[in-house]
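Here the structure comes first, spelled out in structure tokens, and everything after it is commentary.
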Protein chains: 2
Amino acid sequence: MSRESSAAFQRMPGAYPRHLDAGELLFARGDVPWGMFLLETGRVHLRRFGRNGEEMTIATISPGQTFAEASLFSTAYHCDCVADESSRILVFPPRNVLRKIDEDAKFAKSLVHRLAIQLQECRMRSEVRGIRNAEERVTTVLGLRAGKDGCCRLAGTLKQFASEIGLTHEALYRTLSQLEAKGRIKREGRSIQLL
Amino acid sequence: MSRESSAAFQRMPGAYPRHLDAGELLFARGDVPWGMFLLETGRVHLRRFGRNGEEMTIATISPGQTFAEASLFSTAYHCDCVADESSRILVFPPRNVLRKIDEDAKFAKSLVHRLAIQLQECRMRSEVRGIRNAEERVTTVLGLRAGKDGCCRLAGTLKQFASEIGLTHEALYRTLSQLEAKGRIKREGRSIQLL
DNA sequence: CGTCACATTGATGCCTCTCAAAGCTTGTGG
DNA sequence: CCACAAGCTTTGAGAGGCATCAATGTGACG
């Protein structure tokens, strides 16, 4: 989900744009991969369902990020992709991407780079999920996401945020309340300030 | 940690072998990346330490797998790498790898492939960590690791396995006992048979 | 044979999940 | 513009499960 050098993608032959309405499903787990994607505007997220039907958010995608690269070498998508809001994406058919990799070393390198970044982000998420204490988990995630000013603006709802970090929304609400009561954070709508 | 096409790696100019004794540290979190690696023989694992000093196993590497690819574009390693047993590895200096990517499209593609596989594995681990129930988590992991015969041979100790799946070793021992008592698994030393 | 780390089991407590209820926000249609 | 609905946010009460601390058994290795 690198944000750099999307130019090489946009120029790719065979790429085409697509619009998604809020709530629309781009692909479902099990589908034969028919593309990797670049989000131009809007917001989408990747999700899976556990045994008991509970939704797990795997990642939230912001404009400029690519996603579903890993499906290039797969026989099926491993998760669902749903639009959180009305979104515009670019679709890159796997065949074209694979050909482009062979032809354009610069492109291949940028793809390797993007995957490397995603891998590190994924490891970070995985590590965060290993933190059992809710308060520590929340502050860790906020610290990772916050800019230099220590402020973190959430893209979606708190409920979605809870799902992303692997907490129930109730637990998240309570934890945020406690943190605020302790003076460790300050909330203003969807922005959270670390203190 | 793809196991295929390591030939292209071994032929890379600038690559050199290295031996690791059991317990030896290959690189530490924070070090400036000086290579990515291919494990030839032995076993190593990637780890990080949490706030309270508890060790978290990020991944266990088996012969034929490459690791630390993501460091190619980083300014520092994000975890430690330790040899579990006496091991032999091949070292690929980042500069050589990056040059090879530019020159050799086939190599670049194989690297993209390896990263894609690792990303999916990482997502799987992340998902597994989202399973709160110990029994379900253990059976899920065993199911993922087991071959067609439903048998899963652990590379390391049960304690290491517990660390990999994010449980305390006590919890793992208890869970395995219960599963065995219920007749859902059968243990024989380090092999676990799913029933 | 002694040491050390792993494996196992017991007791206890805390933390998060779960179920529940009510207030709040947002959007939609009449 | 209002009223209603739907979903988010918030708080409460209770229970279950895993972490934690503790003690002992077991195996490998020098």
Side-chain angles (χ1 to χ4, degrees), chain A residues 21-23 43 45 47 50-57 60 82-86 128-141 154-182 185 187-192, chain B residues 21-23 43 45 47 50-57 60 82-86 128-141 154-182 185 187-192:
Chain A
D21 291 326
R43 188 161 45 88
H45 75 273
R47 70 167 186 211
R51 298 259 174 232
N52 309 320
E54 75 280 14
E55 180 173 343
M56 280 191 223
T57 301
T60 301
V82 192
D84 292 318
E85 45 186 75
S86 179
V128 161
R129 293 211 150 186
I131 302 173
R132 309 180 199 289
N133 183 266
E135 189 171 309
E136 196 181 331
R137 195 187 308 183
V138 170
T139 53
T140 302
V141 172
L154 298 179
T157 63
L158 284 178
K159 205 175 173 184
Q160 282 177 314
F161 182 56
S163 168
E164 281 175 47
I165 66 176
L167 286 176
T168 59
H169 56 278
E170 297 98 324
L172 176 62
Y173 294 140
R174 277 186 252 268
T175 305
L176 288 177
S177 295
Q178 288 164 19
L179 283 171
E180 199 163 22
K182 287 185 195 171
I185 63 168
R187 275 194 285 177
E188 230 176 292
R190 239 150 228 190
S191 286
I192 301 176
Chain B
D21 291 325
R43 188 160 46 88
H45 75 271
R47 69 167 187 210
R51 298 259 175 235
N52 310 320
E54 76 280 13
E55 180 173 343
M56 279 189 225
T57 302
T60 301
V82 191
D84 292 319
E85 44 186 76
S86 179
V128 162
R129 294 211 150 184
I131 302 173
R132 306 179 201 292
N133 183 266
E135 187 171 309
E136 196 180 331
R137 194 188 307 183
V138 170
T139 52
T140 301
V141 173
L154 298 179
T157 64
L158 283 178
K159 206 175 173 184
Q160 281 177 315
F161 182 56
S163 168
E164 282 175 46
I165 66 176
L167 286 177
T168 58
H169 56 278
E170 296 98 323
L172 176 62
Y173 294 140
R174 277 186 251 267
T175 304
L176 287 176
S177 295
Q178 288 163 22
L179 283 171
E180 200 162 21
K182 287 185 195 171
I185 62 167
R187 275 194 284 177
E188 231 178 292
R190 237 151 229 190
S191 287
I192 300 177

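Here is the naming used below: chain letters follow the sequence lines, and residue numbers restart at 1 for every chain.
Each end of the helix from C:dC1-D:dG30 to C:dG30-D:dC1 gets its own axis from five base pairs, and the two axes differ in direction by 50°, given to 10 degrees.
Formation of a donor-acceptor pair under 3.5 Å by the B:Arg190 side chain with backbone atoms of B:Gly156 is found in this model.
Between A:Glu54 and B:Arg132 there is no salt bridge, since none of the side-chain N atoms of the basic residue sits less than 4.0 Å from a carboxylate O of the acidic one.
With sequence neighbours excluded, the residues satisfying side chain to side chain contact (heavy atoms under 4.5 Å, CB included) with B:Ser191 are B:Cys151, B:Arg153. Take B:Arg187 and apply the salt bridge (Lys or Arg N to Asp or Glu O under 4.0 Å) test, not counting sequence neighbours, and it matches B:Glu180.
If you take CD of A:Glu180 and C1' of D:dT11, they are 15 Å apart, rounded to a whole angstrom. Put simply, CZ on A:Phe161 is 16 Å from P on D:dC8, counting in whole angstrom units.
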Inset, instruction - Going 5' to 3' through nucleotides 18-27 of chain D, assign each nucleotide B (protein heavy atom under 4.0 Å from a base atom), S (under 4.0 Å only from sugar-phosphate atoms) or - (no protein heavy atom that close). - result: SSBB------

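Rounded to the nearest 0.5 angstrom, A:Met56 CE and A:Arg129 CZ are separated by 6.5 Å. Atoms CG and OG1, on B:Asn133 and B:Thr140 in that order, are 9.0 Å from each other to the nearest 0.5 Å.
Between B:Ala83 and B:Asp21, the shortest heavy-atom contact is CB-O, 3.4 Å.
From the 5' end on, the contacts that DNA chain C makes with chain B at under 4.0 Å to a non-hydrogen atom open and close at C:dC6 to C:dC17.
Sorted by first and then second residue, the side chain to side chain donor-acceptor pair (under 3.5 Å) pairs involving residues 158-170 of chain B (not counting sequence neighbours) are B:Thr57-B:Ser163, B:Thr60-B:Glu164, B:Asp84-B:Gln160, B:Arg145-B:Glu164.
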Inset, instruction - Check step by step if side-chain contact (heavy atoms from CB on, under 4.5 Å) holds for B:Ile192 and B:Leu176. - result: CA-CA 9 Å; B:Ile192 300 177; B:Leu176 287 176; 4.2 Å; yes

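A:Ser177 has a side-chain polar atom (N or O) that falls below the 4.0 Å cut-off from OP1 or OP2 of D:dT11.
For the side-chain contact (heavy atoms from CB on, under 4.5 Å) criterion with B:Val138, the lone passing option out of B:Leu172, B:Ile131, B:Val128 is B:Leu172.
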